Amino acid sequence: MSFDCSGHIKDFLHELPKCEHHLHLEGTLQPSLLFKLAERNNITLPDLLPKTVEECDERYNNFANLQDFLDHYYIGMSVLIHEEDFYDLAMAYFEKAHSDQCLHSEVFFDPQGHVERGIDIDNVVGGFNRACQDATTKFGTTNKLIMCLLRHLPASEGLKTIEMTHKYYEQGVIHGLGLDSTEVPNIPSIFTECYQDLKQKFPHIGLTSHAGEEGDFTYIEEALDHLKVTRIDHGVNAVQKDELMEHLAKEEILLTVCPMSNLKLRVVDDIGKLPLRKFLDKKVPFSINSDDPAYFGGYILDNYLAVQKHFGLSVDDWKFIALSSIKHSWCDDVRKQELTDLVHSVISKYDGLL
Ligand code: ADE
Ligand code: ZN
């Protein structure tokens with residue numbers, strides 16, 4: 001089934017104010033920038049990575065699963081060395097997000113993937129934070145950094161990373177904690193102490209975790225019960241259990257869904273098979289996100305358009321998605337009101353046209 005995605009509906013989806021909650025800054029490394037930074041920093045890339053932009057595009061279009069992608073993602077990261085590399089990467093994303101009318105972004109980064117290569121944490125956080133600030137000045141967008149722990153590494157390493165980044169949480173430079181990388185068999189409860197430790201010291205921070213991408217619904221339950229997260233990244237396998245769906249709706253747990261990622265990593269073989277209609281019918285809040293756009297072939301607007309093409313959503317459906325995305329963002333109430341007003345004005349503008 002394919003729905004029309006041109007004309008007014010395309011313009012509407014472009015203009016609709018968006019919030020992105022599931023975007024790995026390292027996953028925005030386009031092959032062209034990857035090769036440029038490899039040259040600038042004298043990095044020899046391993047044979048697993050294709051040698052040209054075109055070959056990368058072809059390879060990235062054929063990942064076998066999450067791990068196959070991650071193997072390429074960690075190689076990509078290895079070209080990021082200096083503060084300005086991190087700045088350039090993030091700034092290119094913020095510019096693109098702004099052009100998609102993404103007005104608020106909460107972005108992940110993986111400090112362990114850099115520190116374990118000998119990169120100074122100040123280069124990583126300094127470059128990303130400077131880009132966040134410059135994006136606000138230049139585009140008027142708001143942005144927050146969320147540090148992720150790599151779940152293929154032990155929790156003891158996670159605790160060291162938390163210790164190392166204390167000062168950034170204290171300064172309000174990092175706003176949240178997430179958990180990413182190889183989901184199965186690394187269950188969320190392994191990281192309970194990491195989440196407890198940080199939340200105890202910084203009660204205002206946001207907690208989230210990847211769960212229910214390749215892992216089944218029990219990974220989502222674990223993240224909620226043990227890590228006390230208020231948001232789930234991906235979460236599409238929540239559909240496997242009715243009581244969990246009811247819980248997510250009742251407690252208003254936001255799922256940060258990534259349609260093109262789920263297709264490219266073979267979580268589903270067709271975007272139309274994602275349980276988005278069920279989420280809408282059961283009032284499970286979700287946002288639509290790009291995850292790793294340089295690897296999965298599309299940024300946030302591409303993901304909105306892909307959803308429309310497969311589901312033919314109504315204006316009311318889009319209103320629910322846009323307002324849920326704002327309500328469950330980690331920005332302040334003044335910003336939420338500004339974004340909400342903008343959503344209403346775009347919906348009014350297209351009244352009778354869609
Ligand atoms: N790191 C970057 N993208 C990821 C994803 N989709 N799942 C788990 N870890 C990731
Ligand atoms: Zn992700």
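First listed ligand is number 1; within each ligand, the first listed atom is number 1. Keep in mind that this is a model prediction, so the values were computed, not measured.
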Legend entry - Phe320 six-ring centre to Lys283 NZ/CZ under 6.0 Å and within 45° of normal: yes

Inset, instruction - Sort by chain and number the protein N/O/S atoms found under 2.8 Å from the Zn ion (ligand 2). - result: His22 NE2, His24 NE2, His210 NE2, Asp291 OD1

Legend entry - Check ion pair Glu163-Lys160 (N to O, under 4.0 angstrom): no

Inset, instruction - For Leu66, counting its heavy atoms only, list the atoms of ligand 1 lying under 4.0 Å from any of them. - result: 5 (C), 7 (N), 8 (C)

Legend entry - ligand 1 contacted by Phe69 (non-hydrogen, < 4.0 Å): yes

Legend entry - Lys282/Asp242 salt bridge by N-O under 4.0 Å criterion: no

Legend entry - Carboxylate-amine/guanidinium proximity below 4.0 Å for Glu170 and Lys201: no

Legend entry - Note: Arg59-Asp68 ion pair, threshold 4.0 Å (strictly below): yes

Legend entry - NZ/NE/NH1/NH2 to OD/OE distance under 4.0 Å, Lys264 and Asp292: no

Inset, instruction - Please check if the side chain of Lys18 supplies one atom and the backbone of His14 the other of a donor-acceptor pair under 3.5 Å. - result: yes

Inset, instruction - Give a yes/no verdict on whether any heavy atom in His234 is under 4.0 Å from an atom of ligand 1. - result: yes

Inset, instruction - Check Tyr73 against ligand 1 and report side chain, backbone, both or neither, counting heavy atoms closer than 4.0 Å. - result: side chain

Inset, instruction - Please confirm whether the backbone N or O of Ser209 pairs with a side-chain atom of Arg231, one donor and one acceptor, at under 3.5 Å? - result: no

Legend entry - salt bridge (Lys or Arg N to Asp or Glu O under 4.0 Å) involving Asp122 - partner list, sequence neighbours excluded: Lys167

Legend entry - Leu70: numbered ligand 1 atoms lying under 4.0 Å from its heavy atoms: 1 (N), 10 (C)

Inset, instruction - Taking only heavy atoms of Glu213 into account, list the atoms of ligand 1 that are under 4.0 Å away from them. - result: 5 (C), 6 (N), 7 (N), 8 (C)

Legend entry - Gly27 touching ligand 1 at heavy-atom level, < 4.0 angstrom: no

Legend entry - Winner among Ser261, Cys148, Ser181, Gly178 once heavy atoms are compared against atom 8 (C) of ligand 1: Ser181

Inset, instruction - Starting from atom 3 (N) of ligand 1, find the nearest protein heavy-atom neighbour and note its residue, name and distance. - result: Asp292 OD2, 2.7 Å

Inset, instruction - Distance to 0.1 Å, residue and atom name: give those for the protein heavy atom nearest to atom 4 (C) of ligand 1. - result: His24 NE2, 3.6 Å

Inset, instruction - Give, for atom CD1 of Ile321 and atom SG of Cys19, the distance between the pair rounded to the nearest 0.5 Å. - result: 12.5 Å

Legend entry - Basic-acidic side-chain contact under 4.0 Å: Arg277, Asp281: yes

Legend entry - Shortest protein heavy-atom distance from atom 6 (N) of ligand 1, along with the residue and atom involved: Asp291 OD2, 2.7 Å

